[in-house]
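Report on the following structure.
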There are 2 protein chains.
Amino acid sequence: MAHSHEAHHHERPRDLTRNQELVLTTLNNAEAPLSAYDILDKLRDDGLRAPLQVYRALEKLIEHGLAHRLESLNAFVCCADANCHGRASGTAAFAICSGCGRVDEFADPEVTARLAAWAGETGFALERTTIELRGRCAECRKAA
Amino acid sequence: MAHSHEAHHHERPRDLTRNQELVLTTLNNAEAPLSAYDILDKLRDDGLRAPLQVYRALEKLIEHGLAHRLESLNAFVCCADANCHGRASGTAAFAICSGCGRVDEFADPEVTARLAAWAGETGFALERTTIELRGRCAECRKAA
DNA sequence: TCGATAGCGTAATGTCATAACATATCGCCT
DNA sequence: AGGCGATATGTTATGACATTACGCTATCGA
């Protein structure tokens, strides 16, 4: 039952293909970021056999704002706010804990604004922004 | 107390080893970021033969604040402000042009402050921050 | 019915990074 | 001088991440 029309102007969790669904579910069930090969390993029993199948699914999920790539980790997470986070709250930032590996996604409008301002002044046509924080989360600090 | 002679309170281009010197010079001469293997290729004639020699040199250069790693590119640039940029102006941000490949390094204290504030509120012990902007620089936009 | 678009599956390859091991060099302390 | 620790070195092999190239299938609308 595919819609012939785009009813919403923001990205909805539209119909995903089987592979996309599998990958997204895998990411959702994970506590920490997964590499493409991690995902592949978890999905062997579901018939996935080659990295490309995972990368292709990830590409679409990211396009739709359902997943993110963490550049400093070469790994992927599902979007914190499953439905509509993507473009809504500006650029997402990620705090990655070196202890437990968990990732906290947040957005700071002021940061977004400052970076946009820099781009404006400089004449830089900003397309995409990566913000990643590394450190230890509160939990892990207590546990130490 | 490692050295008794810290003449300057900011990092000086202290004595580099031969390999470190070679790698730094290569980065300085480059217009755009270089991957470790790019660097290796340029230094074959100088006797470098294995990736590890380059990675080890890069590691030290980055420690000393003379070079940066661009996570979203898996590549390296020399620090824009050769002598003193490192810790001085807070976290560095990088604008990477998808046209010419050139990288513009800058620092925005307000951005640094906001991220530090988030970390403070959250109890996240911030160790390292990555900020990378992708887009087209003013030059390349004109050229189009 | 045709062609365009999008997805799927597989093999091969390309690119980035590190482990493990062996050796060398320097400064420093005794 | 001898010995120790810290640091750098060179080499081989391997691991980890990502893409190119090719061919097939399904769907949709002109």
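So you know, we letter chains A, B, ... as the sequences are listed, proteins then strands, and number each from 1.
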Return the value, rounded to whole Å, for the distance between atom CG of Leu34(B) and atom C1' of dT15(C).
15 Å
Among the candidates dA18(D), dA20(C), dT12(D), find the nucleotide nearest to the side-chain atoms of Arg56(B).
dA20(C)
Which whole-number value in Å describes the distance from Arg18(B) CZ to dA24(C) C1'?
16 Å
If you compare every side-chain N and O of Ser35(A) against the phosphate oxygens of dA16(D) (OP1, OP2), does one of them come in below 4.0 Å?
no
Round to the nearest Å and state the distance from Glu59(A) atom CD to dT19(D) atom P.
8 Å
Grab the CG-P distance between Leu70(B) and dC16(C) for me, whole Å please.
13 Å
Passing candidate, side chain to side chain contact (heavy atoms under 4.5 Å, CB included) with Leu43(B), options Asp38(B), Asn19(B), Val23(B):
Val23(B)
Between dA8(D), dT10(C), dC16(C), which nucleotide gets closest to the side-chain atoms of Tyr37(B)?
dC16(C)
Touch check for Ala50(A), heavy atoms < 4.0 angstrom, all strands: base, sugar-phosphate only, or nothing?
base
Taking for Leu52(B) and for Gln53(A) the nucleotide of DNA chain C with the nearest heavy atom, the one nearer the 5' end belongs to Gln53(A)
Donor-acceptor under 3.5 Å (Glu132(A) side chain, Phe94(A) main chain):
no
Asp38(B) CG to dA17(C) P, in whole Å, measures 11 Å
Can you tell whether the side chains of Arg69(B) and Glu71(B) come within less than 4.0 Å, N to carboxylate O?
yes
Which of dA18(D), dG10(D), dC16(C) is nearest the side chain of Arg69(B)? It is dC16(C)
Compare side-chain N and O positions of Asn74(A) against OP1 and OP2 of dA16(D) and report whether any pair is under 4.0 Å apart.
no
Does OP1 or OP2 of dT9(D) have a side-chain N or O of Thr17(B) closer than 4.0 Å?
yes
Give the rounded distance in Å between these two atoms: NE2 of His64(A) and P of dA6(C).
10 Å
Reading DNA chain D from 5' onward, which residue's closest nucleotide shows up sooner: Pro51(A) or Gln20(B)?
Gln20(B)
Nearest whole Å is fine: how far is dT19(D) P from Leu40(A) CG?
15 Å
Check whether any side-chain N or O of Glu121(B) sits under 3.5 Å from a backbone N or O of Trp118(B) as a donor-acceptor pair, and report yes or no.
no
Whole-Å distance between dG14(C) C1' and Asp41(B) CG?
13 Å
Are a donor atom and an acceptor atom from the side chains of Arg134(A) and Ser72(A) found within less than 3.5 Å of each other?
yes
Side-chain N or O of Tyr55(B) closer than 4.0 Å to phosphate OP1/OP2 of dA17(C):
yes
